[in-house]
Amino acid sequence: MRITPLDLADDVACRRAYDAGVSAIVLDRPWISPASLAEALVDWRHPEPGIRQEMVVALGDGDDGLPLDAVAGTATLWLSDDDNTDKAWVEVRVHADHRRRGVGRALVEHLVARARAEGRVEVLADLAVPVTDRADLVGHPYVAFAQALGFEQVAVDVNRHLELPVADEALDALEERARPRWEGRYSLQTHVDGVPEELRQGLCDAMNRLATDAPSGDVDFEPESLTPAKYAHNLKVLREQGRHRLTTIAVEDATGVVAAYTDLVLPAEPNPVVWQWGTLVVAEHRGHALGTAVKVANLRRLQADHPARERVVTGNNDTNRWMIDVNEAMGFRVRELCPEVRRRLEPAGA
Ligand SMILES: CC(C)(COP(=O)(O)OP(=O)(O)OC[C@H]1O[C@@H](n2cnc3c(N)ncnc32)[C@H](O)[C@@H]1OP(=O)(O)O)[C@@H](O)C(=O)NCCC(=O)NCCS
């Protein structure tokens, strides 16, 4: 087996890597509606400024049961240069036909060596395991793989799905309960494909708190460093992918401060899925039911403008009772578990 960088300028190589990656994620998770190749290519070719992304492929060389030049697996390393510079993130996917031949191990060790060479001391990865009971994580192949590679579990996210449409009466009831707690002090606004310029700094300030404010188990994160310029870059990438983004924010009337936000992202049609991205109520503004308010408003807009979408997918740390309560009240139900795992590294040369 050879591990080589993926040549992002090579459309054929990219398609083969994409196909191998999709075969890995749909194998035992049939509910996944992967983003299209076209969307993936835009993503791969335009990482957010300040984040280095390195993609590699494992190619068979005719030995070890791996056909010559077959793409046996793919892996990606992300290195942020603007925050959390002690960490690296990895993702590895091994083609369904080529498992248990050491491909995953070789890919991870390759990227771990890169992370160590960059001075990173923690490598993080998310597993998506198609079980709903924590007891079933024990001994699951993906968990066993992570353990065999020296990763420890540091948190568990729970992925929930919301089947659409949610009945108006259910949304009315949630909204009526929340409204008296925020009305008169905050205003809600829903924006399509990005908030206006004058709100972007305030939104970025709120978004940068997500990594530190949301429970993250045993990992210490620094605040992120999203800026209006990076936000504009991310909107441009979404536009080029044919995606849409619905953002509802709560603005404090007296100060104009962005007190809460929630984001839904719609992969390009005809994908039936909608992804819930971040939701956050800034600490000083908690206790006014703004989490429910922004999420219900965003969902109403989604259902009005995109009636063909079939479900919303969200993930929350399993100790995030507050966000989970809001989600369960809306009708989200558990679909799979996503352990977050970490491997600590000795500094290079140590
Ligand atoms: C997890 C995954 C990457 C493993 O790839 P792989 O090439 O089959 O793994 P390897 O052959 O390198 O296995 C390395 C070690 O992991 C453990 N392992 C891997 N698969 C296992 C299984 N099905 N049962 C038990 N242990 C397993 C073993 O200890 C194995 O070492 P061994 O073969 O010497 O016993 C692959 O199943 C996959 O792509 N899954 C979907 C995506 C995913 O979960 N990625 C990981 C998070 S980013």
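Source: prediction; values computed, not measured. Start at 1 with the first residue, then count along the sequence. Indexing begins at 1, ligand by ligand and atom by atom, following the structure's order.
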D69 with R2: basic N within carboxylate O range, under 4.0 Å: yes

Using residues 299-310 as the side-chain source, report each donor-acceptor pair under 3.5 Å to any protein atom, sequence neighbours left out, with the distance given to one decimal.
from, atom 1, to, atom 2, distance (Å)
R300, NE, E175, OE1, 3.0
R300, NH1, D172, OD1, 3.4
R300, NH2, D172, OD1, 2.7
R300, NH2, E175, OE1, 3.0
R301, NE, D305, OD2, 2.7
Q303, OE1, V166, N, 2.6
Q303, NE2, V166, O, 3.0
R309, NH1, P267, O, 2.9
R309, NH1, N271, O, 2.8
R309, NH1, V273, O, 2.9
R309, NH2, P267, O, 2.8

Ion pair E284/R209, N-O distance below 4.0 Å: yes

Pair R105 + E109: basic N to acidic O under 4.0 Å: no

Check ion pair R16-D10 (N to O, under 4.0 angstrom): no

Atom CZ of R333 with >12 non-hydrogen neighbours under 6.0 angstrom: yes

One pair per line, please: each N/O atom of ligand 1 matched with every protein N/O atom under 3.5 Å away, atom names first, then the distance to 0.1 Å.
from, atom 1, to, atom 2, distance (Å)
ligand 1, 7 (O), G104, N, 2.7
ligand 1, 8 (O), R100, N, 2.8
ligand 1, 11 (O), R101, N, 3.3
ligand 1, 11 (O), G102, N, 2.8
ligand 1, 12 (O), G104, N, 3.3
ligand 1, 12 (O), R105, N, 2.7
ligand 1, 24 (N), R100, NH1, 3.4
ligand 1, 31 (O), R105, NH2, 3.3
ligand 1, 33 (O), R100, NH2, 3.3
ligand 1, 35 (O), R100, NH2, 3.1
ligand 1, 37 (O), R99, NE, 3.3
ligand 1, 37 (O), R99, NH1, 3.4
ligand 1, 39 (O), V94, N, 2.7
ligand 1, 39 (O), R99, NH2, 3.3
ligand 1, 40 (N), R99, NH2, 3.4
ligand 1, 45 (N), V92, O, 2.8

